[in-house]
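Working notes for the structure below.
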Amino acid sequence: MTAEEAITALADRLQPTDVDVAEELFAELVVAPVPIDEGLVHQTLVESLRIMTAAQSDAAIPHAAKLLLRYPDKTEIVCRYLLHSARAHPEAVAAAVDTYSKEDLFRTALELAWVLRVASHVGANAGAATHRLAESVMGEEDISWVARVEALRFAATSGALSLAAWQKFWRVAPPAFKPSVIEAAALSEPDHKWPNAVVSVAKQDSALEAIVKRARQQP
């Protein structure tokens, strides 16, 4: 069973009191003094966010940036919740990512990749700090490509990806990341000529065609 299927199954079984308890536990974690027991942090975050995700509760969104900054090792857990919340609450999720992006601190490539993946799902609502963070990641050659392709994806979904930037990425991207660069073109504004030209060529390859169709949600 996938995580998506597990959350859907959980949603069918939830009672109002389950959500109330999850939200209360989460609220207590947000105001808890640091340091607190690592195991308790992990268990509380996983369980409360899992229940709030299934219930489509937005209670944790305003606190997401604080948690990402306070517990960077929990970035994946928090970002998975934000990803599930992005469709219903795009402005709130974008604001959380922007608050996080304003902080000048060290972030691992994996942390950047998760946050920028969330940003790409709310690209139209992204703030200036998020754009600056993504731009810096795109241009930093010493950062892992795992993060750089997520920054490229964000630039595409937010309408900020230029042909020149895409061409530069295509020339230097390692072979394993070429499909992600193609995906970014497919995610770019279809009204522009250059993404459609790239997509037309990519469709000549069956594997790349599948990536394009998925990016543009075509049958």
Side-chain angles (χ1 to χ4, degrees), residues 2-5 7 75-76 78-91 93-94 96-98 100-101 107-127 129-219:
T2 67
E4 189 83 27
E5 291 169 340
I7 288 172
T75 296
E76 179 180 350
V78 177
C79 284
R80 284 189 182 278
Y81 164 76
L82 292 175
L83 284 169
H84 280 281
S85 304
R87 183 184 295 273
H89 309 284
E91 293 181 358
V93 170
V97 172
D98 207 55
Y100 170 84
S101 300
R107 301 173 174 93
T108 67
L110 194 56
E111 290 165 15
L112 287 167
W114 272 110
V115 171
L116 289 169
R117 170 59 67 95
V118 174
S120 71
H121 282 253
V122 291
N125 300 98
T130 306
H131 280 275
R132 288 194 297 271
L133 177 63
E135 186 176 354
S136 69
V137 172
M138 283 178 62
E140 181 53 70
E141 295 181 358
D142 293 332
I143 293 180
S144 167
W145 276 92
V146 171
R148 294 184 74 186
V149 294
E150 293 299 340
L152 184 72
R153 182 198 304 271
F154 166 75
T157 62
S158 65
L161 182 60
S162 66
L163 172 58
W166 185 88
Q167 289 174 320
K168 179 180 179 179
F169 257 73
W170 180 253
R171 286 194 296 268
V172 300
F177 291 96
K178 293 285 190 183
S180 295
V181 182
I182 292 293
E183 181 190 34
L187 289 169
S188 296
E189 287 291 336
D191 293 339
H192 298 168
K193 291 183 178 180
W194 74 263
N196 291 328
V198 171
V199 164
S200 295
V201 175
K203 284 184 175 180
Q204 298 176 22
D205 180 283
S206 59
L208 294 180
E209 182 182 24
I211 292 172
V212 168
K213 286 184 175 180
R214 184 171 64 250
R216 292 193 167 179
Q217 297 182 336
Q218 297 172 342

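Both backbone and side-chain heavy atoms feed into the values below; hydrogens, waters and symmetry mates do not.
Here the shortest heavy-atom pairing between Ala186 and Ala215 reads CB-CB, 3.7 Å. When every heavy atom of Val137 is checked against every heavy atom of Ile143, the shortest pair comes out as CA-CD1, 4.1 Å. Here the closest non-hydrogen pair linking Arg216 and Ala185 is NH2-O, 4.1 Å. Of all the heavy atoms in Arg87 and Pro90, the pair that sits closest is O-CD, 3.6 Å. The shortest non-hydrogen separation linking Ala173 to Lys178 is O-CE, 3.3 Å.
Looking at Glu150, its side chain never comes within 3.5 Å of a backbone N or O of Ala147 through a donor-acceptor pair. Judged purely by atom type and a 3.5 angstrom limit, Trp145 has no side-chain atom pairing as donor or acceptor with the backbone of Phe177. Remark: side-chain polar atoms of Asn125 are not paired, donor with acceptor, to backbone N or O of Ala94 under 3.5 angstrom. A donor-acceptor contact shorter than 3.5 Å is absent between the side chain of Ser158 and the backbone of Gly123.
Between Leu208 and Ile211 there is a side-chain heavy-atom pair separated by less than 4.5 Å. Using a 4.5 Å heavy-atom cutoff, the side chains of Val198 and Trp170 are not in contact. Side-chain contact between Phe169 and Leu161: absent, with no pair of heavy atoms (C-beta onward) separated by less than 4.5 Å. Residues Phe154 and Val122 have side chains not in contact (no heavy-atom distance under 4.5 Å, counting atoms from C-beta outward). Residues Ser180 and Leu152 have side chains not in contact (no heavy-atom distance under 4.5 Å, counting atoms from C-beta outward). No side-chain heavy atom of Ser188 sits under 4.5 Å from any side-chain heavy atom of Trp166. Residues Thr75 and Leu110 have side chains not in contact (no heavy-atom distance under 4.5 Å, counting atoms from C-beta outward). The shortest side-chain heavy-atom distance between Leu133 and Arg107 falls under the 4.5 Å cut-off.
Here the straight-line distance linking atom CG of Leu163 with atom NZ of Lys193 works out to 12.5 Å at 0.5 Å rounding. Arg80 contributes atom CZ, which lies 13.5 Å from atom OG of Ser85 (distance to the nearest 0.5 angstrom). Note: Lys213 NZ to Lys203 NZ = 7.0 Å, rounded to the nearest 0.5 Å.
Atom CD of Gln167 has more than 12 neighbouring heavy atoms from other residues, nucleotides or ligands inside a 6.0 Å radius. Within a 6.0 Å sphere centred on CD of Glu209, other residues, nucleotides and ligands contribute more than 12 heavy atoms.
No option in Arg148, Arg117, His121 other than Arg117 meets the side-chain contact (heavy atoms from CB on, under 4.5 Å) test with Arg153.
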Subject >> Tyr100 and Thr130: CA distance, side-chain angles, deciding distance, side-chain contact (heavy atoms from CB on, under 4.5 Å) verdict >> reply: CA-CA 8 Å; Tyr100 170 84; Thr130 306; over 6 Å; no
